[in-house]
Amino acid sequence: MQAERRTGGRRPGIGTLTSTLLLVGALAGLGLLHGQVKVFTLGEQGLDARSFPRWALGALAIAAALRLVAGLRRADTPIGPPWALARAGAIAVAMAVALALMPRLGFFAGALVTGATTSLAFGERRWLLDLGIVVVLSAVVTFGARWLLGIPLP
Amino acid sequence: MLWHAFQALLDIWVLVAAISGIVLGIVIGAIPGLGPTMAIALLIPVTFTMTPVPAMILLLGVYQGAIFGGSISAVLLNVPGTPSSAATAIDGNAMARKGNGGRALRIALFSSVFGNVFSCLVLMALAEPLARIALDFGPAEMSVIMLFALLVIVLFGGGSRLEALIMVLVGICAGIVGLDPISGTPRFTFGSFPMESGFRLIPVLVGLFAMSEVLIQAFDHHPDAAARKIPPMKTSRVTLAEMWRMRTTLLLSSVIGTFVGILPGIGSTVPAFMSYNLARARSGTPEAFGKGADEGVAAPEAANNAVTGGALVPTLALGIPGDAVTAVVLGALMLQGLAPGPFLFRDHGVEVYAIFEALLISSIPTLLFGLLMFRVAVNVIRIRPGHLFPAIAVLAILGAFSVDNSLFDVIVMLGAGILGFLFRRSGFPLPPLLIGLILGRPFEQSLRQALLTSGGDPRIFVSSGIADGFLVLIGLCLLISVFFHLRKPKEAPDA
């Protein structure tokens, strides 16, 4: 099992970043609540469509703020070396690009882009073998899903 | 009912599904980083063309197989294939280093089967009576029970309570997106029609557990890491007499696994370690633990398999998942038209009992294939990450798309994968997020329905014995948690 926490001193790290994002997200949700949730009352009292989201987002904002404060007193996991982030980021970006192109180019092309980028991110450089495996994999999944499972892939 | 359910199992596809599920589960569970949750989520598209009984048997077979499979890499490599097999690794790997890896795996297998059979019998005894009681639950009772479930995950799920609370709240907030459960008003849909269906469970699951694993493994990948060496295994056998000598340990571990598994959100890791510690405390030779004690393998394996049946009790009876895996199973049940909850036994009793009986009977193929396969399954650990993880990424896209034939679900899956990567690297636990997502919406619905019924009077939540009982339990849980927190020695401040 990979160790996912490594001490990194008291410098802000990934925990601080995540807590900050959660706090900002919760506050943004509270700010957008009135615009995004319309309420039509007929004079009745009690909980409406905004009440529960308000409590949940408020509690999340408070909890995220507490986590930020608690994080200042202990070591945080470092965000990580840029090349490691680039490997993970490349896979996410490739998948996003594949999804954007899938309606036009089809599932097979999207799967190929995703699979090939993932393989490269894991350091595979035997072009013929590794690309060949990705092509076969994408073909098996595409045609298996379409013809065996009847899933109407793009 | 039991006879009709048994007749439903007399179908070749049921046998094929059971064997396929167990074999796949053993192989997938043996690979570190993959686990039953991911395996079941990725296999859901395969079950769309199947009838409910073989579909659920396939998925539950994967679950059972993967729990044993996790012990293969735990014993042989000291790298647990699943989190719950971390306790097995302590004595299992010590035995493997002495050449007794085969013996450790046999003990793990027999203990797994014992735990599974015990918990299935408890499941059959408890699930339907609980579901019948739950038919009398109104919205006030359901909202208090769900609040109890959410609190248990936060207080006793392990790790930081604040982080577990944050994750539960993230799950609840994610469940808010979509249509309001009472008035039907769109909430946080930003004018998007696909968003009105909200974030579906399966794409979020696939993202959190499969896609995030791909990203984490890519992040942690070391191209120069040496290939794992598997210690040689002497020929071994484990006799019935040797297993009989451990009967008390097996029974106590199965009880712990089953009844802790019933509590929502706890999972199988906590009961595995609880059983290990109890076995060591009861042992006449506690110093042998950590150096290759048979009971050091038997106790956690019986416990982590016993969680299967226990976790299915609240899942099937109340629609409240016991752990992350049963959350996926709950999603799969709903896709098959078997909505868990109080009406499940009334409307689909034959299918449900068929699944229970199959879980019991599948102990036989688990034993057979476990004994045949563990030498073979070891070799899957050697699959290169550069070949394995592209397959997982592509299957994740398929799995997310196939739920509703929608690319929006794939976008949700990718987003959940990125968030899962951030949360896991930050040390936030994922199961509370999942339980918050599943329970948030029904909790809000029950709460508001109760208040609508009472005209806004909150005394409806203390007006029934069931609700009062669970409120008392909530209070007790809070007190116990505060007590243990105050008793814990303070950590030294970081230098």
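Lettering follows sequence order; numbering is per chain, from 1.
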- Item | Interatomic distance, B:Met167 atom CE to A:Leu60 atom CG [nearest 0.5 angstrom] | 8.0 Å

- Item | Part of A:Glu124 within contact of chain B (heavy atom distance under 4.5 Å) | side chain

- Part of B:Phe188 within contact of chain A (heavy atom distance under 4.5 Å): both

- Query: Under a 4.5 Å heavy-atom cut-off, does chain B meet the side chain of A:Leu112, its backbone, both or neither?
  - Reply: neither

- Do you know which of A:Gly15, A:Pro53, A:Gly29, A:Ala111 has the most heavy-atom pairs with chain B at a distance under 4.5 angstrom? A:Pro53

- Region of A:Leu85 in contact with chain B, defined by heavy-atom distances below 4.5 Å: both

- Indicate yes or no: at least one non-hydrogen side-chain atom of A:Arg87 is less than 4.5 angstrom from one of B:Leu215. no

- Note on the structure: Bottom line for B:Ile176: the part with an atom under 4.5 Å from chain A's heavy atoms is side chain

- Message: Counting heavy-atom pairs closer than 4.5 Å to chain A, which one of B:Val168, B:Thr185, B:Leu388 comes out on top?
- Response: B:Thr185

- So, do B:Met413 and A:Met95 sit near enough that their side-chain heavy atoms are less than 4.5 Å apart? yes

- Task: Measure the CZ-CD1 distance between B:Phe421 and A:Ile14 for me, rounded to the nearest 0.5 Å.
- Result: 6.5 Å

- Message: Working to the nearest 0.5 angstrom, can you tell me the gap between B:Arg187 CZ and A:Phe52 CZ?
- Response: 8.0 Å

- Looking only at heavy atoms, which two atoms of A:Ser119 and B:Pro390 are closest? And how far apart? N-CG, 3.7 Å

- Against chain B, label A:Leu137 side chain, backbone, both or neither, depending on which of its atoms sit under 4.5 Å from a heavy atom there. side chain

- Query: Where on A:Arg126 is there a heavy atom nearer than 4.5 Å to chain B: the side chain, the backbone, both, or neither?
  - Reply: side chain

- Item | Under 4.5 Å from a heavy atom of chain B, the part of A:Trp83 involved | neither

- Message: For the interface with chain A, which of B:Leu395, B:Ile418, B:Asn405, B:Ile411 has the highest count of heavy-atom pairs at distances below 4.5 Å?
- Response: B:Asn405

- Message: side-chain contact (heavy atoms from CB on, under 4.5 Å) for B:Val410 and A:Met102? Distances and angles first, verdict last.
- Response: CA-CA 11 Å; B:Val410 189; A:Met102 221 176 263; 6.0 Å; no

- Message: Between B:Leu419, B:Leu451, B:Ile397, who has the most heavy-atom pairs with chain A when the cutoff is under 4.5 Å?
- Response: B:Ile397

- How many angstroms lie between OG in A:Ser19 and CD in B:Glu163, if you round to the nearest 0.5 Å? 7.5 Å

- Pick from B:Asp180, B:Leu422, B:Leu162: which one has the most heavy-atom pairs with chain A under 4.5 Å? B:Leu162

- Query: For the atom pair CD1 (A:Ile79) and CZ (B:Arg425), what is the distance rounded to the nearest 0.5 Å?
  - Reply: 8.5 Å

- Message: Please give me the minimum heavy-atom distance between A:Thr118 and B:Ala393, naming the atom from each residue.
- Response: OG1-CB, 4.1 Å

- Message: Counting C-beta onward and ignoring hydrogens, is there a side-chain heavy-atom pair between A:Pro81 and B:Phe219 closer than 4.5 Å?
- Response: yes

- Note on the structure: So CH2 of A:Trp55 and SG of B:Cys173: to nearest 0.5 Å the spacing works out to 13.5 Å

- Comparing A:Pro154, A:Ala121, A:Ala116 against chain B, the one with the most heavy-atom pairs below 4.5 Å turns out to be A:Pro154

- Message: I need the residue from A:Thr142, A:Leu129, A:Leu33, A:Val134 with the largest number of non-hydrogen atom pairs under 4.5 Å to chain B.
- Response: A:Leu33

- B:Met50 portion near chain A, given a 4.5 angstrom heavy-atom threshold: neither

- So which part of B:Pro385 gets closer than 4.5 Å to some heavy atom of chain A, the side chain, the backbone, both or neither? both

- Against chain B, label A:Leu66 side chain, backbone, both or neither, depending on which of its atoms sit under 4.5 Å from a heavy atom there. both

- Given the rule in the side-chain contact (heavy atoms from CB on, under 4.5 Å) test, do B:Leu398 and A:Phe107 qualify, once you have shown the distances and angles that lead to the verdict? CA-CA 9 Å; B:Leu398 174 68; A:Phe107 183 91; 4.1 Å; yes

- When you look at A:Thr77 and B:Ser426, which way does the side-chain contact (heavy atoms from CB on, under 4.5 Å) test go after all the steps? CA-CA 7 Å; A:Thr77 306; B:Ser426 310; over 6 Å; no

- Task: Count the heavy-atom pairs under 4.5 Å between each of A:Gly115, A:Ala49, A:Gly35 and chain B, then report the option with the highest count.
- Result: A:Ala49

- Note on the structure: Heavy atoms of B:Leu414 and A:Ala92 approach each other most closely as CD2-O, 3.9 Å

- Query: Given a strict heavy-atom distance threshold of 4.5 Å, which part of B:Phe190 is in contact with chain A: side chain, backbone, both, or neither?
  - Reply: both

- Which one of A:Leu22, A:Leu17, A:Thr18 has the most heavy-atom pairs closer than 4.5 Å to chain B? A:Thr18

- In terms of heavy-atom contacts, does CZ of A:Arg125 have more than 12 from other residues, nucleotides or ligands at under 6.0 Å? yes

- Where on A:Ile62 is there a heavy atom nearer than 4.5 Å to chain B: the side chain, the backbone, both, or neither? neither

- Note on the structure: In short, B:Ser402 meets A:Ile151 closest at the heavy-atom pair CB-CD1, 3.5 Å

- What part of B:Ile392 gets closer than 4.5 Å to chain A, counting heavy atoms only: side chain, backbone, both or neither? neither

- Do you know which two heavy atoms are closest between A:Ala63 and B:Leu165, and how far apart they sit? CB-CD2, 4.4 Å

- Query: Should the pair B:His221 and A:Phe122 be assigned to parallel (<30°), tilted (30 to 60°) or perpendicular (>60°) ring geometry?
  - Reply: perpendicular

- A:Thr114 portion near chain B, given a 4.5 angstrom heavy-atom threshold: side chain

